[in-house]
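Here's the structure, in structure tokens; my notes come after.
Heavy atoms only: backbone and side chains are in, while hydrogens, waters and symmetry mates are out. Just so you know, ligand 1 is whichever comes first in the structure, and atom 1 is the first atom listed for that ligand.
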Amino acid sequence: MPGTLPEGTPAGTAQQEPDGYRARFEATLNAAVDGLIIIDQWGSIEVFNRAAERIFGYRAAEVIGRNVKMLMPDPWQREHDQYLRNYMRTGVPKIIGIGREAQGLRKDGTVFPLDIAVGEARGERRQFVGIVRDISWRKQVEAAIRAREAELRLIIDNAPAGIFMADGLCRIRTVNPEFCRLCGRAQEDLLGIQFADIVSAEDRGIVDEMRQAAQRAGDPGTRDVRIRRPDGGLTPCSLHCSYTVQDEEPLFVAQVLDRTPELMMEQQVREQRERLAHVGRLSTMGEMASGIAHEITQPLTAIATYAQAARRMLARGVQGTQDIEEALEQIARQAERAGDIIQRLRGFMRREEVRSELVDINEQLRAVIRFADVDLRHHYTRVELALAPKLPPVQGDSVQVQQVALNFVRNAIDAMADAPPAQRVVEIRSARGPDETIEFSVADRGPGICPADVERLFVPFFTTKAHGMGLGLSISSSIVAAFGGRLWYSEHEGGGAEFHVSLPIALPVEHA
Ligand SMILES: Nc1ncnc2c1ncn2[C@@H]1O[C@H](COP(=O)(O)OP(=O)(O)O)[C@@H](O)[C@H]1O
Ligand SMILES: [Mg+2]
């Protein structure tokens, strides 16, 4: 019978209320969740309650009277007699009065972790009471939590993003290796400091705003900040943070992404686009070279002619200086004209950073016509202009906008080279487009483009010309895209080609 009271139950109590006491004691014993084992001073088991039966897999009858060490795996089993003897002799307890973790041995031979507390009853006989709790489940849960923690740690440590957690005062509590790398600092130099302290001074306001927004709404979005490294450099980062309360403690969890590669890539793309645009301008210049040479030759020839005339007048000894003055005046004017042409060329060919400026489309279209003037005249080509007045400016680079329009005009001239001169008309239009855009287009009355070629127009190096580079349209479309615009082709009524560009109207200047 489980929980059977041994013969040696303290007699005093039992005598006063023998039946009631025994019944209550047994009920209590058997109701206990924890295993309860009472042994005598030699280790012999006297009481073994239901919970103990459940824990060890023995019936009470199987263990009562046997040595308690049968419930222990080695080394406890081997050493238990010795423990008891030592304690009886010296009175120095190893376990008595102290709870601790140990291991139990079940009937089926399995070993399991247990918590054990031992107390001593010093009545007429010495007895020891052990309260035992199977902690396998707790151990499993602990192990699972540890495994989960290790897993999370693995994820965090290998995350491509820098991660840190900070307390309510924004003091860093946990970091991962990527965050350390971004900061150029060791983990121990980061723990305990405030995140704002390693952010560039100008960006501290952002961190503060994010902290407040996170505390208020939970999601302050993603912002760009620069982290100050000990080597004096700055790491450009995008910062995302969230806020929670864990165990009543405020907690910030932040992710920090290194933007250096992204920015380097952007820079490279920008540089490449600029180089390409420059190549495109050179190529357009090449196409126009004979026209330009002609244009510059004209004032130079005029200068030479006026200079000779003036010399002749001086040789003849003309009366008064008026004629000579006039010749000199002409020379100065023609020199200026040649200078203007070269100036325009230099402006067009300049290889500077792309500028983002307010661009008046009409002004650029007029500049392109001035520029292409000789070329147009050379090819007996007329221009019809239909510019909508008072267009708001777009955001872009004026030279690049000219480059796009000039290539359209050059292509139109080429397309109509074989057409009868009366038909050689380039129509240039500008207007407001839908959704806050400005559109301009260049149309011709040439043969147009066959459907198979339309698809390849914007492919680099696609050309149908003997000396074409095939870069004009592909460069133009990347220029337009860089300013958030669109470039497309349509058939012009009457069969010619028409190229369109749409650019967003510049936003009004913000007053910060
Ligand atoms: N207005 C046009 N009419 C007919 N074909 C055109 C026109 N504009 C462009 N194309 C076609 O598109 C090709 C590519 O033009 P582009 O990129 O400017 O390079 P390229 O002028 O050096 O050939 C041209 O070779 C031509 O076949
Ligand atoms: Mg071209």
Note to self: As an exercise, identify every atom of ligand 1 less than 4.0 angstrom from a heavy atom of Gly468.
What the structure shows: 22 (O)

Checklist line | Per-atom contacts of ligand 1 with Asp444, taking only distances under 4.0 Å to non-hydrogen atoms | finding: 1 (N), 2 (C), 3 (N)

Margin query: Is it the case that ligand 1 has an N or O less than 3.5 angstrom from some N or O of Gly470?
Written below: yes

Check: Would you say the side chains of Gln330 and Glu326 form a donor-acceptor pair under 3.5 Å?
Finding: no

Next item on the list: Would you check the N or O atoms of Thr464, main chain and side chain alike, for any that come under 3.5 Å of an N or O of ligand 1?
Entry: yes

Checklist line | Side chain, backbone, both or neither: the part of Phe408 lying under 4.0 Å from ligand 1 by heavy atom | finding: neither

Margin query: Using 2.8 Å as the threshold, say whether any N, O or S atom from Asn411 sits that close to the Mg ion (ligand 2).
Written below: yes

Next item on the list: Have a look at ligand 1 and work out which part of Asn407, if any, has a heavy atom under 4.0 Å from it: side chain, backbone, both or neither.
Entry: side chain

Margin query: Which of the numbered atoms in ligand 1 are under 4.0 angstrom from any heavy atom belonging to Phe462?
Written below: 13 (C), 14 (C)

Next item on the list: Just jot down the ligand 1 atoms closer than 4.0 angstrom to any heavy atom of Gly448, in number order.
Entry: 4 (C)

Checklist line | Polar contact flag, side-chain donor to acceptor under 3.5 angstrom, Ser238-Asp224 | finding: no

Notebook entry, point to check: Should Arg281 and Gln403 be marked as a side chain to side chain donor-acceptor pair (under 3.5 Å) after you check the CA-CA gap, both sets of side-chain angles, and the distance that decides it?
Noted result: CA-CA 7 Å; Arg281 289 201 288 275; Gln403 174 175 1; 2.9 Å; yes

Check: Considering only heavy atoms of Ala497, which atoms of ligand 1 have at least one such atom less than 4.0 Å away?
Finding: 1 (N), 2 (C), 3 (N)

Note to self: If you measure every N or O of Leu457 against every N or O of ligand 1, does any of those distances drop under 3.5 Å?
What the structure shows: no

Note to self: Does the residue Phe458 have a heavy-atom contact with ligand 1, meaning some pair of atoms that are separated by less than 4.0 Å?
What the structure shows: no

Check: Counting backbone and side chain alike, does Asn407 bring an N/O/S atom below 2.8 Å of the Mg ion (ligand 2)?
Finding: yes

Note to self: Would Asn411 count as being in polar contact with ligand 1, using the rule that some N or O on each side must be under 3.5 angstrom apart?
What the structure shows: yes

